[in-house]
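Heads up: the structure comes next, in structure tokens.
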Amino acid sequence: MSSSINTRVVYIPPAERELPALALHIISLVDSYMLWLGVTEELPDTVQNAPRSGSLCKDWACAMPPPPGSKVLGPASPLFRTSGSDVALSMAQRLARKFRKQIFLSVDIPSVYLAVPHGSRLLLEAEKRILEALTAAKVDNDGAS
């Protein structure tokens with residue numbers, strides 16, 4: 001197991017013309033991930049600047065993986081939340097179950113993008129891309145051990 005902290009920012013291009021580009025900041029810790037997901041106007045080559053203009057505490061949650069062999073979601077708690085967003089908690093629980101790690105997830109997507117009809121598509125695409133990025137991070141971290 002690697003004891004170093006790894007960090008990277010991933011550019012998530014818009015899946016459709018109506019949707020915004022997203023940035024995903026991944027901090028890989030020992031047995032946990034700290035993630036920030038937010039809308040960005042940065043281009044792919046400067047996406048590492050996106051988290052500096054975002055907000056950590058718009059919709060922030062922590063989730064633990066369920067006990068081994070359990071099919072249910074593990075315990076979770078919102079750390080901070082505004083009335084405009086309530087997606088981090090359930091997404092963090094799904095990610096914790098999938099990766100068997102504690103997940104701290106901050107979702108910084110303005111409510112205008114979460115509204116119908118584009119909100120569910122944006123969140124589905126975002127979660128899919130988070131899964132891809134964390135799978136790649138896991139492979140990178142396992143290879144570094």
Side-chain angles (χ1 to χ4, degrees), residues 1-66 72-145:
M1 171 185 0
S2 175
S3 62
S4 66
I5 296 173
N6 298 308
T7 183
R8 68 183 179 139
V9 181
V10 177
Y11 180 80
I12 301 174
E16 298 177 19
R17 193 171 49 89
E18 302 85 20
L19 300 177
L22 300 172
L24 173 64
H25 188 188
I26 302 169
I27 302 172
S28 301
L29 305 164
V30 176
D31 294 328
S32 64
Y33 289 113
M34 171 64 195
L35 308 170
W36 174 84
L37 176 71
V39 171
T40 185
E41 294 182 9
E42 296 287 342
L43 298 173
D45 57 338
T46 59
V47 72
Q48 71 277 2
N49 297 324
R52 293 184 191 132
S53 61
S55 174
L56 180 63
C57 294
K58 286 197 177 164
D59 186 8
W60 191 20
C62 176
M64 298 293 293
V72 299
L73 295 172
S77 178
L79 300 175
F80 195 88
R81 181 171 89 185
T82 61
S83 61
S85 182
D86 189 22
V87 299
L89 186 66
S90 59
M91 190 182 292
Q93 284 181 297
R94 290 189 298 273
L95 293 169
R97 180 176 60 191
K98 170 77 175 166
F99 291 97
R100 312 282 319 147
K101 292 184 182 266
Q102 182 179 26
I103 301 289
F104 295 91
L105 174 63
S106 175
V107 178
D108 183 13
I109 300 176
S111 56
V112 67
Y113 293 117
L114 298 174
V116 175
H118 305 296
S120 59
R121 288 187 298 204
L122 178 63
L123 292 173
L124 181 64
E125 182 65 21
E127 189 165 346
K128 180 175 128 184
R129 297 301 294 270
I130 291 171
L131 287 169
E132 292 170 2
L134 290 183
T135 299
K138 183 178 182 330
V139 168
D140 291 346
N141 289 343
D142 289 349
S145 318

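Note that the structure is a prediction, hence the values are computed from the model and not measured.
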Keeping to residues at least two apart or across chains, list the salt bridge (charged side-chain N to carboxylate O under 4.0 Å, His left out) pairs with something in residues 40-50.
none
From NZ (K101) to CG (L134), nearest 0.5 Å
9.5 Å
Let me confirm one number: the CG-CG distance from D108 to L22, rounded to the nearest 0.5 Å.
10.0 Å
If I take atom CG from residue L122 and atom CD1 from residue I109, how far apart are they, to the nearest 0.5 angstrom?
4.5 Å
Restricting to non-hydrogen atoms, name the atom on P65 and the atom on P75 that form the minimum distance, rounded to 0.1 Å.
O-CD, 4.4 Å
Return the minimal non-hydrogen interatomic distance between I130 and M91, and the atom names on each side.
CD1-SD, 3.9 Å
Partners passing side chain to side chain donor-acceptor pair (under 3.5 Å) against T7 (at least two apart in sequence or in another chain):
H25
Quick one: CG on L89 to OG on S77, what's the gap to the nearest 0.5 Å?
7.5 Å
Could you give the distance from CG (L105) to CD (E127), rounded to the nearest 0.5 Å?
9.0 Å
Return the minimal non-hydrogen interatomic distance between S28 and Y33, and the atom names on each side.
OG-CE2, 3.3 Å
Is there a donor-acceptor contact under 3.5 Å from the side chain of R100 to the main chain of P66?
yes
Looking at residues at least two apart in the chain, or sitting in another chain, which of them share a side chain to side chain donor-acceptor pair (under 3.5 Å) with R121?
E16, H118
Closest non-hydrogen contact found for A50 with A23 is CB-CB, 3.5 Å
Donor-acceptor check, side chain of D59 to backbone of V87, threshold 3.5 angstrom: yes or no?
yes
Of the options L56, L79, L35, which is the one that meets F104 in a side-chain contact (heavy atoms from CB on, under 4.5 Å)?
L79
Work out which heavy atom in V39 is nearest to a heavy atom in P20; give both atom names and the distance.
CG1-CB, 3.8 Å
Can you tell if the side chain of L19 reaches within under 4.5 Å of the side chain of Y113, non-hydrogen atoms only?
no
Tell me every residue that passes side chain to side chain contact (heavy atoms under 4.5 Å, CB included) with S32, counting only those two or more places apart in sequence or in another chain.
L29, Q102
Apply side chain to side chain donor-acceptor pair (under 3.5 Å) to R129 and list each qualifying residue two or more places apart in sequence or on a separate chain.
E132
Using modelled atom types and a 3.5 Å cut-off, is there a donor and acceptor pairing between side-chain atoms of Q48 and backbone atoms of R8?
no
Could you pull out all residues at least two apart from K128 that satisfy salt bridge (Lys or Arg N to Asp or Glu O under 4.0 Å)?
E125
Among S55, C57, S106, find the one that has a side-chain contact (heavy atoms from CB on, under 4.5 Å) with F80.
C57
Nearest 0.5 Å, please: how far is CG in L37 from CD1 in I26?
10.0 Å
